[in-house]
Visitor: 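Questions regarding the structure given below will be posed in turn.
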Amino acid sequence: MTEKILVTKSSMPPLEEYIDEIKEMWDTHWLTNMGPKHKQFQVMLKEYLSVKDIDLLTNGHMALELTMQALDIHGEVITTPFTFASTTHAIVRCGCTPVFCDINENDFTMDSSKIEELITDRTAAIMPVHVYGNVCDIETIEHIAEKYQLKVIYDAAHAFGVRYKGKGIGSFGDASCFSFHATKVFNSIEGGAVCFTDAEFGRRIGLLKNFGIHGPEKVETVGPNAKMNEFCAAMGICNLRHIDDEIAKRKNVVEHYIERLSNVEGIRLNQKQEDVQTNYAYFPVLFEEDIFGANRDDVFEALAKENIKARKYFYPLTNTFDCYHGCFDVSRTPVALQVSRQVLTLPLYADLPLSDVDRICDIIMKCKR
Ligand code: T4K
């Protein structure tokens, strides 16, 4: 059996570089609670992402939940079901009701032409997702938000390093939440961040992520522990030094996939977006069974038999999860339902050999009838 190929492989700096980065912690014994690595990483990220302000958190999920809390969101939040569990769970765990908007077929982000019809007098916010690193229809979303006085929280978990019209993707909306999980284009082992422009919002996030503590004898609000520790920040610092190289290598892999799979009847690929500098985060492929002759699950199985673990990101839709049984009507998001049944995300990471990409594509093509 050939070596297992997983959907992704965490990027890591040379071991010596990481050891060098964490060495001083054995002198300082400062391991967490906004230490020097946290501060340094924050400054580096602010510059790399070209954002006005940023705060670091334990993970992308806490970034979403604390942002909801800091913006004091109550009521309904318009969002997409074509995402990871985190987006929907964050809304629900904050006591709000997700209202699902369908997605568009080309880039799988929220169909902005369908947002307005979902707005009620209970709507408080919109939480769109830059899914796969694809940029949402920012202009329309912001226009609607202004018209109806709604907050916009972008789930930018997949969009690290993406730029839109030359601007860092984290500079849009009231806040943008990033994930630095091990499986992402950029990781700090576990980690996340929220980007924002409003200083008062930043102050609230700073309080919330540390139990709402304002000083040794003052607790201002009720918050969890969502602080990034120094080992994660050190990993982030190291990985950030290599991020451009990482993205360039991913580009190479993606271009090879595109070369092999574009123009195959019955296969639909992620469309290139105008004005977007992408990060090559995922490689989603849609299989149209009636034309390709095999469906997504057939291809998934064929790859699995060869020890290649592609993933069905994002199937099932979050509005069909068991934990939400009976809560939502999936027939209201037909495009998302169709895409979630057709999509397979193929293995993608910086060091994936092109010969493996060829092997993956050969197996896929053998499924065609
Ligand atoms: N919003 C969106 C839209 C998101 O996609 C996510 C997370 C979030 C919010 C929340 O952000 P975080 O709170 O997680 O920071 C993975 C990730 O755990 C999750 O971060 C990610 N989205 C989601 C799309 O994928 P799983 O359950 O599919 O991961 P897992 O463990 O199956 O790993 C996938 C592959 O990655 C493995 O087969 C091999 C590779 N891998 C994995 C780990 C854990 C590594 O190479 N190294 C590792 O350490 O959820």
Side-chain angles (χ1 to χ4, degrees), residues 3-13 55-68 77 79-94 98 100 103 107-110 127-136 153-160 162 169-170 173 175-195 209 224-229 231-232 235-236 239 246 250 279 281-284 300 303-304 307-319 321 336 340 343-352:
E3 206 185 321
K4 197 182 257 184
I5 300 176
L6 300 176
V7 71
T8 196
K9 190 193 258 181
S10 296
S11 47
M12 296 171 83
D55 203 350
L56 305 181
L57 300 159
T58 36
N59 54 55
H61 184 79
M62 287 314 291
L64 291 171
E65 283 200 15
L66 293 193
T67 295
M68 292 273 296
V77 178
T79 188
T80 165
F82 190 69
T83 182
F84 191 56
S86 174
T87 321
T88 305
H89 285 355
I91 295 168
V92 173
R93 283 171 48 82
C94 287
F100 293 102
I103 60 171
D107 58 28
F108 320 116
T109 64
M110 241 159 83
M127 190 182 282
V129 180
H130 298 303
V131 67
Y132 304 135
N134 289 339
V135 174
C136 298
I153 302 164
Y154 284 107
D155 182 337
H158 303 170
F160 189 88
V162 169
I169 196 66
S176 295
C177 299
F178 289 90
S179 164
F180 309 148
H181 183 263
T183 54
K184 297 293 187 293
V185 168
F186 169 78
N187 83 79
S188 62
I189 309 174
E190 288 267 7
V194 55
C195 299
K209 76 178 195 179
N225 174 1
K227 294 165 272 132
M228 179 181 284
N229 70 58
F231 286 88
C232 289
M235 186 64 136
N239 276 337
E246 168 83 18
R250 282 173 168 268
N279 64 354
Y282 291 84
F283 194 75
F300 175 83
L303 289 168
N307 230 358
I308 296 162
K309 309 292 182 194
R311 290 292 288 267
K312 301 173 192 177
Y313 293 136
F314 289 98
Y315 173 88
L317 294 180
T318 66
N319 54 1
F321 283 178
S340 77
V343 74
L344 197 60
T345 45
L346 299 182
L348 172 57
Y349 43 92
D351 295 325
L352 181 65

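The structure presented is a predicted model; accordingly, all values stated were derived computationally and were not measured. The residues of the chain are indexed from 1 along the displayed sequence. We count ligands from 1, going down the list as the structure has it; atoms in each ligand are counted the same way.
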Visitor: Around atom 18 (O) of ligand 1, find the nearest protein heavy atom and jot down its residue, atom name and distance.
Guide: H181 CE1, 3.1 Å
Visitor: What protein heavy atom lies closest to atom 1 (N) of ligand 1? Include the residue and the distance to one decimal.
Guide: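 Minimum-distance protein heavy atom for atom 1 (N) of ligand 1 reads D155 OD2, 2.7 Å.
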Visitor: On a heavy-atom basis, I'd like to know which of I5, T183, T80 is closest to atom 17 (C) of ligand 1.
Guide: T183
Visitor: Suppose we measure from atom 13 (O) of ligand 1 to each protein heavy atom; which comes out shortest, and what is that distance?
Guide: H61 N, 2.9 Å
Visitor: Check whether any N or O atom of G60, backbone or side chain, sits under 3.5 Å from an N or O atom of ligand 1, and answer yes or no.
Guide: yes
Visitor: Within the side chain of S176, is there an N or O that forms a donor-acceptor pair under 3.5 Å with the backbone of C195?
Guide: no
Visitor: Over 60° means perpendicular and under 30° means parallel, so tell me whether H158 and Y282 are parallel, tilted or perpendicular.
Guide: tilted
Visitor: Quick one: look up the protein heavy atom nearest atom 35 (C) of ligand 1 and list residue, atom name and how far away it is.
Guide: V7 CG1, 3.7 Å
Visitor: Taking the six-membered ring of F300 (Phe, Tyr or Trp), confirm whether the NZ or CZ of K312 is under 6.0 Å from its centre and within 45° of its axis.
Guide: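 So K312 does make the cation-pi contact.
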Visitor: Nearest heavy atom to atom 9 (C) of ligand 1 wins, so pick from S86, A85, C177, S11.
Guide: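 Of the listed residues, S86 has the closest heavy atom.
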Visitor: Does H158 come within less than 4.0 Å of ligand 1, judged by its heavy atoms?
Guide: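 True for this residue.
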Visitor: Please check atom 22 (N) of ligand 1 for a protein heavy-atom neighbour under 4.0 Å.
Guide: yes
Visitor: I'd like to check which ligand 1 atoms, numbered from 1 as shown, lie under 4.0 Å from a non-hydrogen atom of K9.
Guide: 46 (O)
Visitor: Indicate whether the side chain of H181 and that of T183 have a donor and an acceptor atom separated by less than 3.5 Å.
Guide: yes
Visitor: Identify the closest protein heavy atom to atom 25 (O) of ligand 1: which residue and atom is it, and at what distance?
Guide: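 Answer, as residue, atom name and distance: Y313 OH, 3.5 Å.
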Visitor: Under 4.0 Å from a heavy atom of A182: give me the atoms of ligand 1 that qualify, with their elements.
Guide: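 It comes down to these atoms of ligand 1: 48 (C), 49 (O).
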Visitor: Which heavy atom of the protein is the closest neighbour of atom 47 (N) of ligand 1, given with residue, atom name and distance?
Guide: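 For atom 47 (N) of ligand 1, the nearest protein heavy atom comes out as S10 OG, 2.8 Å.
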Visitor: When you measure from the heavy atoms of K184 to every atom of ligand 1, does any distance fall below 4.0 Å?
Guide: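 Yes, that is the case, since the closest heavy atom of the residue is under 4.0 Å from the ligand.
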Visitor: How are the rings of F180 and F160 set to each other: parallel, tilted or perpendicular (split at 30° and 60°)?
Guide: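 Perpendicular.
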Visitor: Report yes or no: does a heavy atom of G191 sit under 4.0 Å from some atom of ligand 1?
Guide: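 For ligand 1, residue contact (heavy atoms, under 4.0 Å) with G191 is present.
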Visitor: Can you list the atoms of ligand 1 that are under 4.0 Å from a heavy atom of T83?
Guide: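 Taking each heavy atom of T83 in turn, ligand 1 has 3 (C) under 4.0 Å.
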Visitor: Between the side chains of S10 and N187, does any donor sit under 3.5 Å from an acceptor?
Guide: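 Side chains of S10 and N187: no pair found under 3.5 Å.
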Visitor: Step through the shown structure and confirm whether more than 12 heavy atoms of other residues, nucleotides or ligands are within 6.0 Å of NZ on K9.
Guide: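 Open: at most 12 neighbouring heavy atoms sit under 6.0 Å from NZ of K9.
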Visitor: With a 4.0 Å cut-off on heavy atoms, is Y282 in contact with ligand 1?
Guide: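 In this structure, Y282 qualifies as a contact of ligand 1 - some heavy atom is under 4.0 Å.
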Visitor: At less than 4.0 angstrom from any non-hydrogen atom of T8, what atoms of ligand 1 do you find?
Guide: 36 (O), 39 (C), 40 (C), 46 (O)
Visitor: Taking D107's backbone N and O only, do any of them form a donor-acceptor pair with N134's side chain (distance below 3.5 Å, no angle check)?
Guide: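 Confirmed, N134 side chain pairs with D107 backbone.
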Visitor: Which residue holds the protein heavy atom closest to atom 4 (C) of ligand 1, what is that atom called, and what is the gap in Å?
Guide: F84 CB, 3.5 Å
Visitor: In the protein, what heavy atom is nearest to atom 27 (O) of ligand 1, and what distance, to one decimal place, separates them?
Guide: R311 NH2, 4.0 Å
